[in-house]
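Structure first, commentary second.
Lettering of chains follows the sequences in order, A, B, ..., and the numbering in each one begins at 1.
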2 protein chains.
Amino acid sequence: MERGSGVAMWRQIEDRMKEDIVSGNWKPGDRLPTESELADRFGVNRHTLRRALSALRDDGLVRIEQGRGTFVQDDVIDYAVRRRTRFSENISNLGRQPSGEVVRAGPIAADAQAASALEIRRGQKVVLLELLAFVDGRPFSVAAHQFPQTRFRGLEKAYRQTGSITKALRHFGVDDYFRKLSRVSARLPEPDDARLLNMARAQPILYTESVNVDRDGKPIEYCIGRYAGHRMQLVFEL
Amino acid sequence: MERGSGVAMWRQIEDRMKEDIVSGNWKPGDRLPTESELADRFGVNRHTLRRALSALRDDGLVRIEQGRGTFVQDDVIDYAVRRRTRFSENISNLGRQPSGEVVRAGPIAADAQAASALEIRRGQKVVLLELLAFVDGRPFSVAAHQFPQTRFRGLEKAYRQTGSITKALRHFGVDDYFRKLSRVSARLPEPDDARLLNMARAQPILYTESVNVDRDGKPIEYCIGRYAGHRMQLVFEL
DNA sequence: ACGTATTTGTTCGTATGTATC
DNA sequence: GGATACATACGAACAAATACG
């Protein structure tokens, strides 16, 4: 690290920081020190430091968020959506650690969309199971799973016992189920979702509605999922 | 519209407003009068009016935004993605008018992603065809289509003559092709894309990468698509 | 960057009619 | 009739998000 070496200071800084990241010294999702602090540390003006940060951003190594800080870019997760889509299986296959926690659970009245997807009447009761899913301990998605209550009364308890929707469904005689449909759009997150996903409100999310059916093609689950856009891609193989 | 009729005031209001919307008296995107004004107009308390609005929102007829107002919900375009996905066909099937214009065209060098998708080497030439697509005259998507130049040299000219990728590909002996893969994520638009799509920079887009193959399973097209998130949903039927 | 006005969101409290046990 | 629960309706005040100068 030297001035007048023929190599611009910001390039030297870029290289140093790149090492810290690829070596794992700074881990994906970590917040870097503030620009001022880094500038002090490297003994340069904040402008110079920002030039290095921009270069790192262009390389996809960091993500700069106004008002929040600079973060080591998470490696993007390719979440495969197929006819048989299971969260835990999917994440495990990538060599990563899936986990989840319950945000909200209990019976609610179906709104128009849920009713239409589940082929029931609006206002009929559905079992809501809102789950926050993690990959390697980092929040990945929030999903409101809804099941018709006539068939799945008490499913939330079965989930709490087993920690898995697939297993909970077996208690109700559903030994296999399939993704019939996925609708995908892009939105800005609700404040609650932004908090749960630990992301800035100005960062977009993927918003999905999906319908799962049983062997007979009967809809059993309607799910509204919200995914932190910069952490993942949905992959559809057709 | 009467009190003591056995039908709750808020339900009567809901029905009246629903008529105004479905009849086209209020059009998609229109801002409704404020809650206070509507409450005055119907001669009820603001609470009562809000109840009617909630019902309309649950039916997907209006969208309520704090601090801004209540808006008649724009009709969202469900863009179906299947193995055989053709833009014009898709939009026509919805009873809407597809059109398109060329933003940019010509040979460029393949970057890492394009090369990997098309199974060529990085730096090899691809034919770029960047198209802005419209639905009913409103901008819908920007898509950078890329074809290996060894096989499709001059495809941009064939497109300009025929106005259709499907037809242009026929000039090169490709009489049918299929969507193999779609990767979907959510992003904020580049300034250029925001301008082309006529949307705010803070509004998210759907960002897709897709690969089309010919009958033999050979990749012929790699496409980066950007869609105005609030105007459409991608629908995957599996 | 800041204040002001506008608009929706939320939470108190109060009152009335209806159905049920 | 009395007690209770529930949906409906109104009023006032304040909180939160947004638009605009």
Side-chain angles (χ1 to χ4, degrees), chain A residues 34-36 46-47 50 64-69 103-104 106-113 115 121-126 128 130 142 144 149 186-205 207 224 226, chain B residues 1-18 20-21 26-74 188-189 194 198-204 228-231:
Chain A
T34 66
E35 293 181 352
S36 308
R46 185 163 155 247
H47 291 299
R50 279 176 60 78
I64 306 174
E65 295 185 25
Q66 194 169 30
R68 292 192 77 218
V103 178
R104 218 152 37 108
I108 59 165
D111 65 10
Q113 283 94 316
R121 273 195 301 285
R122 213 185 101 196
Q124 279 199 275
K125 284 285 167 62
V126 292
L128 168 70
E130 186 150 33
V142 195
Q149 196 180 34
R187 300 195 180 182
L188 293 175
E190 305 288 315
D192 281 352
D193 291 338
R195 191 174 43 75
L196 289 170
L197 293 171
N198 189 25
M199 60 186 293
R201 281 211 60 192
Q203 284 294 320
I205 56 167
Y207 182 96
I224 299 178
R226 289 139 279 164
Chain B
M1 193 69 137
E2 43 182 343
R3 305 184 107 86
S5 65
V7 179
M9 291 297 287
W10 67 266
R11 285 189 196 278
Q12 299 183 43
I13 295 172
E14 184 196 353
D15 286 342
R16 276 270 296 269
M17 296 182 72
K18 195 178 284 186
D20 275 332
I21 292 171
W26 282 330
K27 293 195 173 44
D30 280 3
R31 210 191 86 174
L32 268 51
T34 67
E35 295 180 350
S36 307
E37 197 178 324
L38 285 170
D40 283 354
R41 193 180 297 182
F42 287 114
V44 297
N45 186 278
R46 193 172 145 233
H47 284 300
T48 309
L49 182 105
R50 278 173 62 77
R51 178 126 195 208
L53 282 185
S54 306
L56 289 169
R57 182 203 40 209
D58 292 345
D59 279 346
L61 286 157
V62 303
R63 163 173 44 90
I64 307 175
E65 293 184 32
Q66 188 173 6
R68 301 220 319 135
T70 305
F71 302 84
V72 179
Q73 192 67 277
D74 321 88
L188 292 175
N198 189 27
M199 59 188 291
R201 278 216 66 192
Q203 285 293 110
H230 59 286
R231 283 202 275 270

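Atom C1' of nucleotide dA17(D) and atom CD1 of Ile64(B) are separated by 14 Å, given to the nearest angstrom. Atoms CG (Leu188(A)) and C1' (dA17(D)) sit 14 Å apart, rounded to a whole Å. Note: CG (Leu53(B)) to P (dT7(C)) measures 14 Å, nearest angstrom. Rounding to whole angstrom units, NE2 of residue His47(B) and P of dT10(C) are separated by 12 Å. Atom pair Arg68(B):CZ and dT8(C):C1' shows a separation of 12 Å (rounding to whole Å applied). Atom CD in Gln66(B) sits about 10 Å away from atom P in dT8(C), given to the nearest Å. Spacing between atom CG of Asp40(B) and atom P of dT7(C) amounts to 12 Å, rounded to whole angstrom units. Atom C1' of nucleotide dT7(C) and atom CD of Glu35(B) are separated by 8 Å, given to the nearest angstrom.
Between Ser36(B) and dT7(C) there is no side-chain N or O to OP1 or OP2 distance below 4.0 Å. Taking only side-chain nitrogens and oxygens, Thr70(B) comes nearer than 4.0 Å to OP1 or OP2 of dT8(C). At dG11(D), one or more side-chain N or O atoms of Asn45(B) fall inside 4.0 Å of OP1 or OP2 (strictly under the cut-off).
Side chain of Ala8(B), nearest nucleotide from dG9(C), dA9(D), dC10(D): dA9(D).
Comparing Arg51(B) and Arg46(B) by the nucleotide of DNA chain D that holds the closest heavy atom to each, the one mapping nearer the 5' end is Arg51(B).
The residue Arg57(B) sits apart from the nucleic acid: no heavy atom pair falls under 4.0 Å. Contacts of Arg50(B) with the nucleic acid, taken as non-hydrogen atoms under 4.0 Å apart, include base atoms.
Only one option out of Thr34(B), Ile64(B), Leu56(B) pairs with Thr70(B) in a side-chain contact (heavy atoms from CB on, under 4.5 Å); it is Ile64(B).
Annotation: cation-pi geometry not satisfied between Arg226(A) and Tyr207(A) (NZ/CZ under 6.0 angstrom from ring centroid, within 45° of ring axis).
Here Asp40(B) contributes atom CG and Glu35(B) contributes atom CD; the two are 12.0 Å apart, rounded to the nearest 0.5 Å.
Counting all heavy atoms, side chain and backbone alike, Pro33(B) lies closest to Leu38(B) at O-CD1, 3.5 Å.
Arg16(B) and Glu14(B) are not joined by a salt bridge, as no carboxylate oxygen comes within less than 4.0 angstrom of a charged side-chain nitrogen.
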